[in-house]
2 protein chains.
Amino acid sequence: MVTMRDVAKHAGVSIATVSFVLNDTKPVTAATRLRIEQAMSELGFRRNMVARALASRKTHIIAMAYPALDHRFGFSAAEFFTSAADAARKEDYHLVLWPVGNDGHELTELVGQGLVDGVVLMEVQLDDPRVGVLQRTGTPFALIGRTTTLEGLAHVDIDFDTTVEQAVDYLHGLGHRRFVMVAGDLTDPKFHNYGPFVRSEAAYRRVSAEYGVETTVLPCADSTRAGQGAAATLTRDHPEATAVLVLNEYAALGVVSGLNRLGRAVPADISVLSLLMAPDMAALSDPELSFMRTPGPELGQLGTESLIRQLEGADPLPPQLVPADLRIGASTAPPR
Amino acid sequence: MVTMRDVAKHAGVSIATVSFVLNDTKPVTAATRLRIEQAMSELGFRRNMVARALASRKTHIIAMAYPALDHRFGFSAAEFFTSAADAARKEDYHLVLWPVGNDGHELTELVGQGLVDGVVLMEVQLDDPRVGVLQRTGTPFALIGRTTTLEGLAHVDIDFDTTVEQAVDYLHGLGHRRFVMVAGDLTDPKFHNYGPFVRSEAAYRRVSAEYGVETTVLPCADSTRAGQGAAATLTRDHPEATAVLVLNEYAALGVVSGLNRLGRAVPADISVLSLLMAPDMAALSDPELSFMRTPGPELGQLGTESLIRQLEGADPLPPQLVPADLRIGASTAPPR
DNA sequence: CTGAAAGCGCTTACAG
DNA sequence: CTGAAAGCGCTTACAG
């Protein structure tokens, strides 16, 4: 292994000076800088990040904490992750995906080990215990999502109000007046107080009242099969509905295939609009879904930048709420 | 921050002794061990992994290298990742997902930094340049997949021969004699020499000849839309085919929906069998797909264990090939 | 069974 | 602008 000591000797300088050019942390004359750079490339030097981390107390590693065992790591999650990883790379950080439980226990272990400079927290609950862990341990973090109390927390999130309003407005504009929302299942302990479930349902109740449309909310797990079950339920119990909004992306696919199997034509008999979805996923449905596109790439980037700002001591990024945008597919049409 | 020095002082021993009980690396009397353990819990000591890594040259971090920008990180990939992360945790390692390009360049950067003890390589090409990088840098690694030359490489992979044979045997047993295989698209530079594409197609050609069935192979990108295109092609050019095997999971969904749209009933007019698929995904199709289940959980675990064995200097795990197992859904039936 | 000490490869005041 | 030296928090021969 080639160390800074080797480079220093080769270039005839001290290791301090090598460090200065490596980190651009003190002025160095062009001549010695050149000699050092040549030495580095001739010897094939690569700085040991572990030693740097120990000496500087900065690992330049950011963990994206994701409860991969409790919440499925699906299309949208992959979008958040890849855009966050990109944003980190541009700022000379590594972002790694760290699968942790959502009770805060594993997180305590991890941040205590000093391996990461900060954490991007995904799948946030309204009363998320992990936030307390991070605060208590003094770990810098940014939320992709929101807890209930937000004083001073760096966060970015989906703008559920605007998203739901746009969705309802679109369907209302097509002439629909009787809706069903297939919402998240908050009774599932794995989604206890899960922000997107609570906020989207609240937004829907408010907006549907504003528009004066009939409101029914069916909780539903996020799986194809559960979506198919919801399709059966709404067909049986709410045959008058002409439009369905579905929160979860896997459930949305199930609702469409369930309606197909029950012989209800989408969108001729009933329109289906997915409330939060990755584009790749909408294409899996037949007919192709109309959907509100989850701003995963945007939020992954913003959340990471927000964290890195803190790490670098720069001005904090203001919290941002980004709405999903409407993508019209083939699953929505005016009612009969 | 509480350090080993603090613990040692509190327990009235040297830091070496603390290290010995922490790592269980030398015998320590029960009495002093107890005192040290009490000191640790009283002080809330957590060992600094960065310092440990620098001193011991072991970070206990394993990177799963995935070309997330080139290959979609879908259902099956998520299965590999979560089972690998689990297996690592059980052995006191952290497995993190590291998005790297598949040309070996980024990988060189990463392993040179000394942050990871070893690498689990995903999405392996037959002549994968990343393997050379890992060998040259002396980085321990295990492949989930296989290159062409395998002398001494730790690897686990899908048993494509058995998988394809079981699939063909099943369809042949139903009475089918005229098949089409919708295969991977090797002309896409992102999938240049991609192992699963090459091996599954080769296996198919061999097995279909053995069974004396008619063989047609259509290359197809891995997307719903491409699958729908393949459905159109095979309907137009191979109307005599009674069974379709589809390699890629997204394409498989497209083939079914494409056939549906063309008015060809699945399975009454034509059977569809997906050759490698995650269970979650098969349920998305209508009718539900018959499929060969990708052994993602098994291979993620085996690949990680194989790497950890190397890191611990234990006997190497022998290479293993695991076949996908048949799951009969509603998309296959005897031919008319 | 336990301890003193060197060392892992860097960064960073401090001095010049 | 450059260097000598302390120190980051551990592990690990070596000695007793």
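What's counted below: heavy atoms across the whole structure, side chains too, no hydrogens, waters or symmetry copies. In the text below, chain A, chain B and the rest are named by the order of the sequence lines, each starting its count at 1. A quick note: this is a predicted structure, and the numbers were derived from the prediction, not measured.
- Nucleotides of DNA chain D lying under 4.0 Å from heavy atoms of chain B occupy a range whose first and last members, 5' to 3', are dG9(D) to dC14(D).
- Counting non-hydrogen atoms under 4.0 angstrom, Met1(B) reaches the backbone sugars and phosphates but no base.
- Note on Ile15(A): a base of the nucleic acid sits closer than 4.0 angstrom, heavy atoms only.
- Two rings, from Phe73(B) and Phe73(A), have their centers less than 6.0 Å apart.
- At a threshold of 4.0 angstrom between heavy atoms, the contacts of Arg47(A) are confined to the sugar-phosphate backbone, with no base atom among them.
- Formation of a donor-acceptor pair under 3.5 Å by the Thr59(B) side chain with backbone atoms of Leu115(B) is found in this model.
- Of all nucleotides present, only dC1(D) satisfies the Watson-Crick or G-U wobble test against dG16(C), with each distance under 3.5 Å.
- Residue contacts shown for Thr3(A) are limited to sugar-phosphate atoms, with no base heavy atom under 4.0 Å away.
- Map Phe20(B) and Ser56(B) each onto its nearest nucleotide of DNA chain C; the residue landing nearer the 5' end is Phe20(B).
- Between Arg89(A) and Asp86(A) there is a salt bridge, with a side-chain nitrogen of the basic residue lying less than 4.0 Å from a carboxylate oxygen of the acidic one.
- Residue Thr25(A) is out of contact with every strand shown, counting any heavy-atom pair closer than 4.0 Å.
- Salt bridge status for Asp128(B) with Arg146(B): absent, with no side-chain N to carboxylate O gap under 4.0 Å.
- One finds a salt bridge joining Asp280(A) and Arg72(B) here, because a Lys/Arg side-chain nitrogen approaches an Asp/Glu carboxylate oxygen to under 4.0 Å.
- For His10(B) and Glu42(B), the side-chain atoms include at least one donor-acceptor pair closer than 3.5 Å.
- At a threshold of 4.0 angstrom between heavy atoms, the contacts of Val13(B) are confined to the sugar-phosphate backbone, with no base atom among them.
- The 5' end of DNA chain C is approached more closely, in terms of each residue's nearest nucleotide, by Arg35(B) than by the other of Ala51(B) and Arg35(B).
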